[in-house]
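In what follows, a structure is listed as structure tokens, so that the remarks can point back to it.
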Amino acid sequence: MSNKALVVTKKFGPLAVQEQPLPSPAGEGKVRVRVRAAGVNPVDYKILRYGLFFPDQAYPRILGAEGAGEVTEVGPGVTTLRVGDRVFFNSNIADNTSATYQQYVTVEEEFAFRIPENLSFEELAKKAGFTVITTASPRHHAYLRDKLGAAHVFDYNAPDVFDAIRSVVGDSLRQALNAGGATPEQLKGIAGVLAPSGPTSLLTITNPQVAEVVPPGPDRVVKFAQGDVRGNREFALSFWAAALELFAKGELVPPTVRVVEGGLAGVEAALDVHQAGKVSGFKFVVQP
């Protein structure tokens with residue numbers, strides 16, 4: 001059985017499509033999945049081109065942080081999944097047998113969730129009871145308000161974007177999430193619209209050194225959170241249980257998807273588009 005993978009051959013590349021060993025779900029509670037779709041994320045080009053997360057000796061590496069496909073084999077102790085089940089999952093990017101830029105992966109049973117898949121930060125935040133204030137390109141403002149439920153949407157390219165946000169929230173904003181790339185000045189701007197007193201929090205999933213740019217304080221939590229469900233198992237499992245219920249009711253909707261041309265060999269071109277800041281309002285997906 002073949003297992004083609006997109007391999008980062010050494011730190012900073014190059015990339016090469018290579019045959020890799022077929023992962024086996026020999027560990028307790030693991031399944032093997034034939035990957036049919038793998039999400040392309042900004043973190044991939046940051047690992048590839050900026051050397052994020054992994055030292056030189058950790059290469060060769062396979063990237064890819066999320067995927068969907070069919071279970072092809074179950075390991076010992078698996079009780080809830082069967083061969084043929086369609087699942088989606090977050091990979092463990094520290095483990096080459098789990099990363100999704102390849103045809104087959106192994107993943108823990110408890111972190112493989114039956115399809116339907118997909119989510120929106122804005123929808124989920126609204127469902128959790130937050131008043132959502134977000135930023136986007138102007139052409140997506142109506143979609144975020146009318147379809148995903150954001151209360152206010154601002155143009156992130158506007159020079160006065162933080163002043164505009166402050167004019168709406170006043171001193172009431174308590175939590176901020178940076179889900180995309182942000183410069184140090186932008187992180188400072190985000191922190192600047194948080195309430196000046198009382199407990200506040202700034203969470204980013206793309207800036208490991210955020211606490212050096214925005215120092216935490218007695219009432220201010222500033223954290224980088226790598227987007228791996230394994231880092232907070234209890235929260236992850238409760239989150240997906242709630243999200244899947246909303247999907248089943250049709251209250252969450254998937255994003256627009258663009259399939260990467262050329263399969264694994266086309267991923268680098270998709271990463272170029274991400275790095276150029278031209279991914280807006282859609283999600284790149286590769287079919288290994």
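Quick caveat: nothing in here was measured; it's all calculated off a predicted structure.
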| Would Leu22 end up clustered with Val7 when hydrophobic side chains under 4.5 Å apart are linked, directly or stepwise? | no
| message | Is there a continuous path of hydrophobic side-chain contacts, each under 4.5 Å between heavy atoms, that joins Tyr45 to Phe12? | response | no
| query | Who passes side-chain hydrogen bond (donor to acceptor under 3.5 Å, both in side chains) against Glu70, sequence neighbours left out? | reply | Arg36
| query | Just by modelled atom types, is the Phe54 backbone N or O under 3.5 Å from a matching donor or acceptor in the Arg61 side chain? | reply | no
| field | ILVMFWY cluster membership beyond Val83 - transitive side-chain contacts under 4.5 angstrom | value | none
| query | Are Lys30 and Glu110 ion-paired here, with the side-chain N under 4.0 Å from a carboxylate O? | reply | no
| request: Kindly give the heavy-atom pair with the smallest separation between Phe88 and Arg114, and that separation in Å. | output: CE2-O, 3.5 Å
| note | With sequence neighbours left out, the residues meeting side-chain contact (heavy atoms from CB on, under 4.5 Å) with Thr72 are Arg32, Arg34, Tyr104
| query | To which residues is Val78 joined in a hydrophobic cluster, defined by side-chain heavy-atom contacts under 4.5 Å among Ile, Leu, Val, Met, Phe, Trp and Tyr, whether direct or through other members? | reply | Val31, Val33, Val35, Val71, Val74, Leu81, Val87, Phe89, Val105, Val107
| note | By side-chain contact (heavy atoms from CB on, under 4.5 Å), Pro216 pairs with (sequence neighbours left out) Ala211, Val222
| task | Would you check if there is a donor-acceptor pair between the side chains of Thr100 and Glu66 at a distance under 3.5 Å? | result | no
| request: Please report the shortest heavy-atom distance between Lys223 and Val221, naming the atom on each side. | output: CG-CG1, 3.9 Å
| Out of curiosity, Leu15 CG to Leu264 CG, how far, rounded to the nearest 0.5 Å? | 10.5 Å
| note | The complete set of salt bridge (charged side-chain N to carboxylate O under 4.0 Å, His left out) pairs with one or both residues in residues 164-191, sequence neighbours excluded, reads Arg166-Asp171, Glu185-Lys188
| Going by the salt bridge (charged side-chain N to carboxylate O under 4.0 Å, His left out) test, which pairs reach into residues 258-282, not counting sequence neighbours? | Arg49-Glu268, Arg49-Asp272
| What pairs with Ala176 under side-chain contact (heavy atoms from CB on, under 4.5 Å), at least two apart in sequence or on another chain? | Ile190, Leu194, Leu202
| request: Check side-chain contact (heavy atoms from CB on, under 4.5 Å) between Ala241 and all other residues, then give those that pass, not counting sequence neighbours. | output: none
| said: Using every non-hydrogen atom in the two residues, find where His141 and Ala136 come nearest and quote the distance to one decimal. | reply: NE2-O, 3.0 Å
| note | Correct closest heavy-atom pair for Val161 and Thr135 would be CG2-CG2, 4.3 Å
Which donor-acceptor pairs under 3.5 Å do the side chains of residues 149-159 make with protein atoms, sequence neighbours left out?
| unit_1 | atom_1 | unit_2 | atom_2 | d |
| --- | --- | --- | --- | --- |
| Asp155 | OD1 | Asn157 | N | 2.9 |
| Tyr156 | OH | Ser137 | OG | 3.0 |

| query | Who pairs with Asp219 by side-chain hydrogen bond (donor to acceptor under 3.5 Å, both in side chains), at least two apart in sequence or on another chain? | reply | none
| Is there any ring pair (Phe, Tyr, Trp, His ring centres under 6.0 Å) pair reaching into residues 262-288, and which pairs are they, with sequence neighbours excluded? | Phe282-Phe284
| task | Grab the two heavy atoms, one from Pro288 and one from Ala37, that are nearest each other, plus how far apart they are. | result | CD-N, 4.4 Å
